[in-house]
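I have placed the structure first, in the form of structure tokens, so that the comments after it can refer back to it.
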Amino acid sequence: MRIATWNVNSVTVRLPRLTAWLESTAPDVVCLQELKCSAEAFPAEPLRELGYEAVISADGRWNGVAVLSRVGLAAPVTALPDAPAYDGVREPRAVAATCGGIRVWSVYVPNGREVGHPHFEYKLEWLDALRKAAEQEAGGELPFAVLGDYNIAPTDADVWDRSRFDGATHVTEAERAALAALRETGLADVVPRPLKYDQPFTYWDYRELGFPKNRGMRIDLVYGNAPFEEAVSDAYVDREARKGKGPSDHAPVVVDIAV
DNA sequence: ATGACTCAATGTTTGAGA
């Protein structure tokens, strides 16, 4: 089975690239983030024509997540239990489903904006809610993984120049401690191989030639439990999908698993 | 070449992304 995660930065704008990528890559399950559309505007029909069912959580302008599957969608969940609200709103940042014998969550972790900003506290609280949800599922026999845009670089090697990140979000001890707590539920970081260069970056800023200069970050992660991790046969970042006209600023992470 | 930001709505500017 082939499973992928991709922050598409607007599923409506990216639809032509998404459908072409689905046809060329042929994943069985895809976790999407940053749909940036209402539930009504989600392009369910063109995806169905390619054989994919979808479970989504979306409410308009920002955020929005989905799981696409062509191997079944069972036991869908469309919100993270006990997720904190921000400005009084519970944002659509997590969905789950069981697809072909694998339990997956698609997550879009809050950005945090700046250290000390209320959004940063929100990020940490949201990650704690995710940890509690993972505790319920990570210990089972079923292959289980939380895939998505975590907005955290797990190590200093996961950013292109650590000295540029002093005082910034995405690299702090508090954020990395939240990731460590998530791993302690029984999950491991499935690190993909890069197709070029040494580091498997998954995001490059649109500005200032970020991609051509490979000024990237690894912030799109696959956290799998033992049955999942032990079945992984390959994992890579599809940087080809970041090239050309009109890409997302994130590249997909693709995992092949012997299930 | 991989090329100098992009997206959606609050819409001709703003907020967010990271």
Side-chain angles (χ1 to χ4, degrees), chain A residues 5-18 20-21 32-43 56 58-66 86-89 91-93 107-124 126-127 148-156 158-172 174-176 178-179 194-221 236-253:
Chain A
T5 182
W6 193 6
N7 177 325
V8 289
N9 186 15
S10 174
V11 72
T12 53
V13 169
R14 216 66 60 209
L15 186 61
R17 289 185 71 120
L18 174 60
W21 183 83
L32 299 176
Q33 301 87 35
E34 274 203 77
L35 300 179
K36 285 187 169 176
C37 67
S38 65
E40 297 72 31
F42 182 79
I56 76 167
D59 69 359
R61 186 165 186 184
W62 291 302
N63 313 308
V65 289
Y86 187 75
D87 271 353
V89 177
E91 299 171 319
R93 293 181 175 275
V107 300
Y108 179 44
V109 177
N111 169 287
R113 299 187 187 164
E114 294 174 21
V115 177
H117 192 285
H119 208 263
F120 190 78
E121 281 307 308
Y122 169 57
K123 181 179 194 174
L124 297 177
W126 200 93
L127 285 162
D149 180 354
Y150 282 69
N151 273 316
I152 303 170
T155 74
D156 286 350
D158 293 313
V159 295
W160 60 279
D161 181 352
R162 177 60 183 80
S163 71
R164 304 282 191 115
F165 288 82
D166 286 342
T169 60
H170 293 59
V171 298
T172 67
E175 290 163 292
R176 288 174 176 170
L179 279 187
L195 294 184
K196 188 178 179 182
Y197 306 120
D198 296 329
Q199 293 151 293
F201 296 147
T202 65
Y203 161 86
W204 300 260
D205 197 298
Y206 283 126
R207 294 166 290 190
E208 300 176 339
L209 294 171
F211 184 62
K213 292 180 177 176
N214 199 34
R215 294 179 169 181
M217 306 169 73
R218 184 172 77 94
I219 55 177
D220 298 271
L221 309 177
Y236 67 95
V237 181
D238 187 2
R239 72 188 304 282
E240 297 299 311
R242 181 62 176 78
K243 294 182 179 179
K245 182 176 171 56
S248 170
D249 43 2
H250 295 251
V253 178

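Computed over heavy atoms, backbone and side chain alike; hydrogens, waters and symmetry mates excluded. We name chains A, B, ... by the order of the sequence lines, and we start the count at 1 in each one.
- dA4(B) sits 22 Å from dG15(B) when the C1' atoms are compared, rounded to a whole Å.
- Checking the phosphate oxygens (OP1, OP2) of dA8(B), a side-chain nitrogen or oxygen of S10(A) falls inside 4.0 Å.
- Along DNA chain B, the nucleotide closest to T12(A) and the one closest to G244(A) are compared, and the more 5′ of them pairs with G244(A).
- Residues passing the side-chain contact (heavy atoms from CB on, under 4.5 Å) test with R239(A), sequence neighbours excluded: L195(A), K196(A), Y197(A), W204(A), F211(A), K243(A).
- Using a 4.0 Å cut-off on heavy atoms, the residues of residues 209-216 of chain A that approach DNA chain B are L209(A), F211(A), P212(A), listed by number.
- Residues passing the ring-ring contact (aromatic ring centres under 6.0 Å, His included) test with H117(A), sequence neighbours excluded: none.
- V109(A) approaches W126(A) most closely through the heavy-atom pair CG2-CZ3, 3.8 Å.
- By the salt bridge (charged side-chain N to carboxylate O under 4.0 Å, His left out) test, D87(A) is found to be paired with no residue, residues two or more places apart in sequence or in another chain being considered.
- Looking at residues two or more places apart in sequence or on another chain, you find a salt bridge (charged side-chain N to carboxylate O under 4.0 Å, His left out) between R207(A) and D205(A).
- Residue-level contact check: R164(A) touches neither bases nor backbone, having no heavy atom under 4.0 Å from any strand.
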- Where protein sits on nucleotides 10-18 of chain B, one letter per nucleotide: B base, S sugar-phosphate only, - none, heavy atoms under 4.0 Å: B---BBSBB
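- Taking R162(A) as the reference, D156(A), V159(A), F165(A), D166(A), V171(A) meet the side-chain contact (heavy atoms from CB on, under 4.5 Å) condition, with sequence neighbours excluded.
- Across the P atoms, dT6(B) and dT10(B) are found 23 Å apart, a figure rounded to whole Å.
- Legend: residues meeting salt bridge (charged side-chain N to carboxylate O under 4.0 Å, His left out) with R14(A), ordered by chain and number and at least two apart, are absent.
- Taking the P atoms as reference points, dA16(B) lies 34 Å from dT2(B), given to the whole Å.
- Scanning for salt bridge (charged side-chain N to carboxylate O under 4.0 Å, His left out) contacts around D238(A) gives an empty result, with sequence neighbours left out.
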